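The shown structure was predicted, so the numbers you read here are calculated from the model rather than taken from an experiment.
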Amino acid sequence: MASVGTALRELRGAQKSAKGVSLYSRFVNRPVGRYLAAGSYALGLTPNQVTLISAALSFAGAAAVALASPSWGLGIAVWALLAVGFAFDSADGQLARLRGGGSAAGEWLDHVVDCAKLTSLHTCVLIAFYRFPEAYGVGGGAHGASAGWLLVPLGFQLAAVVTFFGGLLTEKLKPKPESGSAAAAPSSLRAVALLPVDYGVFCLVFLLLGGGDVFRWAYAGAGVIAALFLVAFLAKWFRELSAVPR
């Protein structure tokens, strides 16, 4: 069995660039993912197996939101499942680099799981609003949920998925930097600015599940921020790609 310590030492020198990464991902999620990757390597797990572990944890957290009546204990459990699932999402890529590189199928699986995770989480919030309208303060009368509040998770889902797809496609279409060219230093200001739309930071909202309307307004606020960032991202990506020759 491989040594966890040896794997950790090798991983420290095989990290992706911190450019365009928020402080949470850089200083919390990636380091936790490094330990998970080292442990997975020692256990002989493959990157695809780690991706599936990430998926199982994330989907379990999302399903709990939809199926269980909201409470503070549920919020802690959901946050833990989503946060650890996110850390395993970082671990699969690190494990792939530790094993000498990933595969096209592995990258495809990772992106499919990421997209499914985003859509399922917001869908489950919508289901929760519908099933427990009084607990979340979204009642529209006769024990039903207000149609207006049911639109909030749909709008949030739209912003999240378009941001995910737009960013992924932009990276594919942008010309790759020339080999040997020095990578630009990560911007601390940008790392702070990206915190509101970091998935790991968003997961903290679920700690408020027991607060009912507190969660509802925190979730809606995160959705508004996601929509505003989407507009800014789309303008930036379109401007960058407009300069790329066809």
So does S22 get a backbone contact from the side chain of S25, meaning a donor-acceptor N/O pair under 3.5 Å?
no
Ignoring hydrogens, what is the shortest heavy-atom contact between L98 and Y41? Give both atom names and the distance.
CD2-CG, 3.4 Å
Donor-acceptor pair, R99 side chain versus T46 backbone, under 3.5 Å?
no
Qualifying residue for ring-ring contact (aromatic ring centres under 6.0 Å, His included) with W149, from F132, W217, F215
W217
Least distance between heavy atoms, L67 atom then R131 atom
O-NH1, 3.0 Å
Hey, are Q157 and T123 close enough side-chain-wise for a donor-acceptor pair under 3.5 Å?
yes
Taking all heavy atoms of L45 and all of L95, pick out the closest pair and write down the distance.
O-CD2, 3.5 Å
For V231, what residues pass the side-chain contact (heavy atoms from CB on, under 4.5 Å) criterion, not counting sequence neighbours?
none
Spatial distance of atom OG (S54) from atom CD (Q49) [nearest 0.5 Å]
14.0 Å
Other than L169, which residues form its hydrophobic cluster under the rule that side-chain heavy atoms must be closer than 4.5 Å?
F165, L173, L241, V244
Any idea which heavy atoms bring A222 and F202 closest together, and the distance?
CB-CD1, 4.2 Å
S103: partners by side-chain contact (heavy atoms from CB on, under 4.5 Å), with sequence neighbours left out
A105
K117 to F164 six-membered ring, cation-pi geometry met (6.0 Å, 45°)
no
Taking a hydrophobic cluster as the set of Ile, Leu, Val, Met, Phe, Trp and Tyr residues connected by side-chain heavy atoms closer than 4.5 Å, whether directly or through intermediates, do L195 and F206 fall within one such cluster?
yes
Under a single-linkage definition using a 4.5 Å side-chain heavy-atom cutoff for Ile, Leu, Val, Met, Phe, Trp and Tyr, are V152 and L150 assigned to the same hydrophobic cluster?
yes
Which atom of A160 lies closest to which atom of H122, heavy atoms considered:
CB-NE2, 4.0 Å
Tracing side-chain contacts under 4.5 Å among Ile, Leu, Val, Met, Phe, Trp and Tyr outward from I225 reaches L158, V162, L194, V197, F229, L230, F233, L234, W237
First locate atom CG of D114, then atom OH of Y199, and finally report the distance between them rounded to the nearest 0.5 Å.
9.0 Å
Residues E134, R216: salt bridge by 4.0 Å N-O rule
no
For residues 71-93, tabulate all N or O donor-acceptor pairs below 3.5 Å that involve a side-chain atom, not counting sequence neighbours.
unit_1: S71; atom_1: OG; unit_2: L74; atom_2: N; d: 3.1
unit_1: S90; atom_1: OG; unit_2: Q94; atom_2: NE2; d: 3.0
unit_1: D92; atom_1: OD2; unit_2: T51; atom_2: OG1; d: 2.6

Measure the shortest side-chain to side-chain distance between V192 and L23 over non-hydrogen atoms and say whether it is less than 4.5 angstrom.
yes
Group every Ile, Leu, Val, Met, Phe, Trp and Tyr by side-chain heavy-atom contacts under 4.5 Å, then state whether I127 and L154 land in the same group.
no
Looking at A191, is its backbone amide N or carbonyl O close enough to the side chain of R26 to form a donor-acceptor pair, meaning the two atoms are under 3.5 Å apart?
no
Could you pull out all residues at least two apart from A96 that satisfy side-chain contact (heavy atoms from CB on, under 4.5 Å)?
P47
Between V65 and C124 the two heavy atoms that sit nearest each other are CG1-O, 4.0 Å
